[in-house]
Amino acid sequence: MRIHHLSLLSLIFCYCFLIHRMFDITAVSGQIVEDQQQSLLKLKNGLKFNPEKSRKLVTWNQSIDCCEWRGVTCDEEGLVIGLDLSGESINGGLDNSSTLFKLQNLQQLNLAANNLGSEIPSGFNKLKRLTYMNLSHAGFVGQIPIEISYLTRLVTLDISSVSYLYGQPLKLENIDLQMLVQNLTMIRQLYMDGVSVSAQGNEWCNALLQLHNLQELGMSNCNLSGPLDPSLTRLENLSVIRLDQNNLSSSVPETFAEFPNLTILHLSSCGLTGVFPEKIFQVATLSDIDLSFNYHLYGSLPEFPLNGPLRTLVVRDTSFSGAIPDSVNNLRQLSILNLSTCLFNGTLPSSMSRLMELTYLDLSFNNFTGPIPSLNMSNNLMHLDLSHNDLTGAITSVHFEGLRKLVQIDLQYNLLNGSIPSSLFALPLVKTIQLSNNHFQGQLDEFSNTSYLSSIIFLSLSNNSLSGSIPHSLCNNSNLLVLDVSYNQFNGKIPECLAQSDTLVVLNLQHNQFNGSIPDKFPLSCALKTLDLNSNLLRGPIPKSLANCTSLEVLDLGNNQVDDGFPCFLKTISTLRVMVLRGNKFHGHIGCSHTNSTWHMLQIVDVAFNNFSGLLPAKCFKTWKAMMRDEYHDGSKLIRIGSQVLTFGGIYYQDSVTLTRKGLQMKFVNILSILTSVDFSSNNFEGTIPEEIMNFTGLFCLNLSHNALAGQIPSSMGNLKQLQSLDLSSNRFDGEIPSQLASLNFLSYLNLSYNRLVGKIPVGTQLQTFDASSYADNEELCGVPLIKSCGDDGITYGRSRSLQTRPHAIGWNFLSVELGFIFGLGLIIHPLLFRKQWRHWYWKRVDSILCLIFPQLNLEFERHGGQSYIVLRWGL
């Protein structure tokens, strides 16, 4: 009985003890939860972040349990085990004193996509329970602390960085990769993209070999060197390898085909060489491979196994060659196929039509031939680029039937022919259609259905043989930004609705047969940046409403019949860079009075072959700041003139212009912002060369030929240090050639012929390299490269002193010879002009002589209008 009472007392005691402990534990647990909440609030208050961009921190509130805060995860006991502050615009306030490191129950931490701008704190070693840590693109810089290696429970570590965004890289300097990962034996996902590791192939490969559980490896742009170690295949669990943008400079080991679980292999821009092993394409688990931008990597595509798992196949910008195998249709899951800029050839297999999951197809810049296979079963296709090949045949509505998701079509630079099917313009989502530089012919249909062309923003049909008029239905499209139908045979008048558009950015109609006047319908909301109407049959004046196009950069009206004065009314267009008025009927003086600012961005001016007269416009020259390199822009910045059509879509229109350079017509497809040219040739300008031109220190080409300019060539022309082409021929310049021209080191074309220059050609590094024709018909000019030599005083050798000192004396010896020649010629010409009998006799003799020389010629009689004629006919 005593024992029974003792047992009962023991039970009561134990029960009371347990109850007491439970209260203690609950109290302690409650205190921990309270401490956690306070630590999190202190963390929030210590961090610097933008409240307007925050979606998590800004909602943390004392009155709400921290386990319910956004970005906070708790376990069943209320302990904070997860913290996600990614994308919170945090820009400071995280160091070793941060209360973050008091949350020692944390298992998952995500600070990705912030802008901290500091080194990774060493205090992370206090978070020993972490299994997942993501610091990618958080803005950390400098040395990675060794303390990261103490987090032995880590399964996922992502410290990827983009160094150019933060000014300095995240790097391994005091420690190496071996030291960083030596304790991370449980790691499965390791991402260090953008971290400067700077290790040789054997170093970084050996460091990774101890990570037996590693499944995913991302070390792109880490300054890794080669070679790739074949022993990496000992990491049997490895399924993802991303080593892009390293200088591996090695071949790819054949053992990489032995990875049993490989799904993703990215080795782009690694300087790979040799022949890529075909077997890797056939790995049974491989779904994504990218070998792009390895210019010296060779290989070919293998026969693909049935139901191959490949979804993405990218080998662009390599030296891969050969044909696309018919077995490509075995890749039933293939979504992205990019073989552009390689050496592939042969015909495109018809089996491609069975790639039903295809979304992106780029085969551009290869040597493919033959017809385009139908892709109408690829209903998910969004991007199609077959440009820059030798594809032939016609395209029909069958090719694009059912491709209702297609956004971009690029078939330019091929040998395609036939007419353009109207169904191509009816695709509901298509944004860009580029069919230029083919052999398409026929007319474009008018589209009565307003759904046609409704989504197109970029339409290029240039360099074909299309004819007829431009369909007015094009104007139904309120989204059209670029229309380029240049180098065709379109005719008729320019549709007024094209000028009325307030969305068009580029209108290129050059080298067609458009006639009539330019529509005077440009609206106040005109968005044009490029208007190119060169080489048509346009007449009349420049429309005054063109002044509404205040964003205009390129205006090319060259080689038409435009009859107007200099367009000073366009002086309000401050963005104008290129103005070509060449080969028209422009007249009057150049220059805009009552203004001190005219086209400060103007860099190419061509008014050649017009009827302009008067003095060269010195006042205008003062305002053309783009010609003055030092004052306007840095010549090292090679910016191209063009129009960004889609900011994020990569669609860009590149302007071109044809200039007379080095005596030849040259087409510049890429107009650099530093390309400057002034061409005032073949007009009626007079007076001297204004000194203001000598401030054009960025000028590349200057052509003032075929005018009536006089005076001496300014010695200050030596200031034009960038000048490559100078043509002052066929004017009335006199005096000596200034010695300063000899210092123009870039001058590769010079023409001073047909002037009145005298004296010795200056000796220099350039002037003696030009042909004698550059100085022709300057009778008093001497010295190399001319045959005429000079005396010690620079006077032409062999002339008498009296003649040399009397430049206006008449050379009677030469004059008597010329008069005799003219008199003798008159004795022959006069009878032929005024004596019909003599004229008949003369032409009979000529016909007889021609028949004797050329036996194939026969004299035959023909009758026209009741008259008989003897004609010469070439016999077969």
Side-chain angles (χ1 to χ4, degrees), residues 32 35-36 38-40 42-44 46-48 71-75 79-86 88 90 92-114 116-161 166 168-197 199 204 207-208 210-214 217-219 222:
I32 292 175
D35 290 345
Q36 287 181 148
Q38 293 303 316
S39 295
L40 287 171
K42 287 182 180 179
L43 174 63
K44 172 188 174 181
L47 293 174
K48 298 176 182 178
V72 177
T73 304
C74 298
D75 63 8
L79 301 177
V80 176
I81 60 172
L83 186 61
D84 183 357
L85 297 180
S86 60
E88 282 292 283
I90 302 171
L94 186 64
D95 54 29
N96 287 324
S97 63
S98 174
T99 56
L100 171 66
F101 303 119
K102 292 183 178 181
L103 303 173
Q104 295 185 12
N105 293 298
L106 271 181
Q107 297 175 25
Q108 297 187 342
L109 175 63
N110 189 349
L111 297 176
N114 283 290
L116 285 158
S118 61
E119 293 191 355
I120 298 175
S122 59
F124 277 110
N125 69 331
K126 297 176 182 177
L127 306 178
K128 296 186 181 299
R129 298 188 181 184
L130 277 180
T131 59
Y132 173 92
M133 185 165 72
N134 188 347
L135 308 181
S136 65
H137 311 297
F140 287 117
V141 297
Q143 174 63 39
I144 297 174
I146 187 62
E147 284 77 8
I148 297 292
S149 67
Y150 301 158
L151 304 176
T152 57
R153 296 189 183 185
L154 276 178
V155 174
T156 299
L157 174 62
D158 191 344
I159 52 176
S160 301
S161 173
Y166 312 116
Q168 54 179 311
L170 199 57
K171 57 188 176 182
L172 287 176
E173 191 172 71
N174 299 329
I175 62 173
D176 58 19
L177 185 62
Q178 171 76 25
M179 297 172 66
L180 178 66
V181 304
Q182 61 185 347
N183 300 318
L184 307 182
T185 55
M186 299 180 66
I187 202 83
R188 293 181 184 175
Q189 290 89 27
L190 177 62
Y191 290 102
M192 299 178 62
D193 305 287
V195 176
S196 181
V197 176
W204 63 267
L208 295 173
Q210 58 191 314
L211 307 179
H212 301 294
N213 295 311
L214 191 62
L217 173 65
M219 293 187 71
C222 286

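Not measured: the values here are computed from a predicted model.
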Asker: How far does CG of Leu135 sit from CE of Met133, to the nearest 0.5 angstrom?
Answerer: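 Leu135 CG to Met133 CE: 4.5 Å, rounded to 0.5 Å.
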Asker: Output all residues satisfying side-chain contact (heavy atoms from CB on, under 4.5 Å) with Ser86, sequence neighbours left out; order by chain, then residue number.
Answerer: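 Residues passing side-chain contact (heavy atoms from CB on, under 4.5 Å) with Ser86: Lys56, Asp84, Asn110, Ala112.
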Asker: Below 4.5 Å, heavy atoms only, C-beta onward: do Leu157 and Gln189 meet side chain to side chain?
Answerer: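 Not touching, per the 4.5 Å side-chain cut-off.
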Asker: ring-ring contact (aromatic ring centres under 6.0 Å, His included) with Tyr132: which residues, sequence neighbours excluded?
Answerer: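 In terms of ring-ring contact (aromatic ring centres under 6.0 Å, His included), with neighbours along the sequence ignored, Tyr132 is linked to no residue.
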Asker: With sequence neighbours excluded, tell me which residues meet salt bridge (Lys or Arg N to Asp or Glu O under 4.0 Å) with Asp193.
Answerer: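 None.
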Asker: Tell me every residue that passes salt bridge (Lys or Arg N to Asp or Glu O under 4.0 Å) with Lys126, counting only those two or more places apart in sequence or in another chain.
Answerer: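 Residues passing salt bridge (Lys or Arg N to Asp or Glu O under 4.0 Å) with Lys126: none at all.
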Asker: Test your reading of the model: is there a side-chain donor-acceptor pair from Gln143 to the backbone of Glu173, 3.5 Å cut-off?
Answerer: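 Side chain of Gln143 to backbone of Glu173, a donor-acceptor pair under 3.5 Å: yes, one is there.
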Asker: Can you see which heavy atom on Gly123 is nearest to which on Phe101, and at what distance?
Answerer: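 Nearest pair, atom of Gly123 first, then Phe101: O-CD2, 3.2 Å.
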Asker: Considering non-hydrogen atoms only, spot the tightest contact between Ala138 and Leu111 and give its length.
Answerer: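 Of all heavy-atom pairs spanning Ala138 and Leu111, the closest is CB-O, 3.3 Å.
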Asker: Any side-chain to backbone donor/acceptor pair from Glu88 onto Leu85? Under 3.5 Å, distance only.
Answerer: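 No, the answer is negative, given that no donor and acceptor are paired below the 3.5 Å cut-off.
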Asker: About how many Å separate CD of Gln36 and CG of Leu83, when rounded to the nearest 0.5 Å?
Answerer: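 Between Leu83 CG and Gln36 CD, I get 11.0 Å after rounding to 0.5 Å.
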Asker: Let me confirm one number: the CG-CD1 distance from Leu180 to Ile144, rounded to the nearest 0.5 Å.
Answerer: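 Atom-to-atom, Leu180:CG and Ile144:CD1 are 6.0 Å apart.
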Asker: How close do Ile90 and Asn114 get, counting heavy atoms only, and between which atoms?
Answerer: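 The pair with the smallest heavy-atom distance is N-OD1, 2.9 Å.
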Asker: Give a yes or no on whether the backbone of Ser39 and the side-chain of Thr99 come within a donor-acceptor separation of less than 3.5 Å.
Answerer: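 Such a contact is found between Thr99 side chain and Ser39 backbone.
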Asker: If you round to the nearest 0.5 Å, how far is NZ of Lys128 from CZ of Arg153?
Answerer: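 That separation rounds to 10.0 Å.
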Asker: Verify side-chain contact (heavy atoms from CB on, under 4.5 Å) between Leu40 and Leu100, making sure each step is shown before the conclusion.
Answerer: CA-CA 7 Å; Leu40 287 171; Leu100 171 66; over 6 Å; no
Asker: Can you give me the closest heavy-atom contact between Met179 and Ile146, atom names plus distance?
Answerer: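 Heavy atoms only, the tightest pair is O-CD1, 4.0 Å.
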Asker: Not counting sequence neighbours, which residues clear side-chain contact (heavy atoms from CB on, under 4.5 Å) with Glu147? List them please.
Answerer: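 With neighbours one apart ignored, the set is Ser122, Asn125, Pro145, Tyr150.
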Asker: How many angstroms lie between atom CZ of Phe124 and atom CG of Leu109, to the nearest 0.5 angstrom?
Answerer: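 Rounded to the nearest 0.5 Å, the CZ-CG separation comes to 5.5 Å.
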Asker: CD1 of Ile159 to OG of Ser136: how many Å apart, nearest 0.5 Å?
Answerer: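 Spacing of CD1 (Ile159) from OG (Ser136) equals 10.0 Å.
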Asker: For Met192 and Val197, which heavy atoms make the closest approach, and how far apart are they?
Answerer: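 Nearest heavy atoms, Met192 then Val197: CE-CG2, 4.1 Å.
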Asker: For Ile81, which residues count as a side-chain contact (heavy atoms from CB on, under 4.5 Å) partner, sequence neighbours excluded?
Answerer: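 Counting only residues at least two positions away or on another chain, Ile81 forms a side-chain contact (heavy atoms from CB on, under 4.5 Å) with Thr73, Asp75, Gln107.
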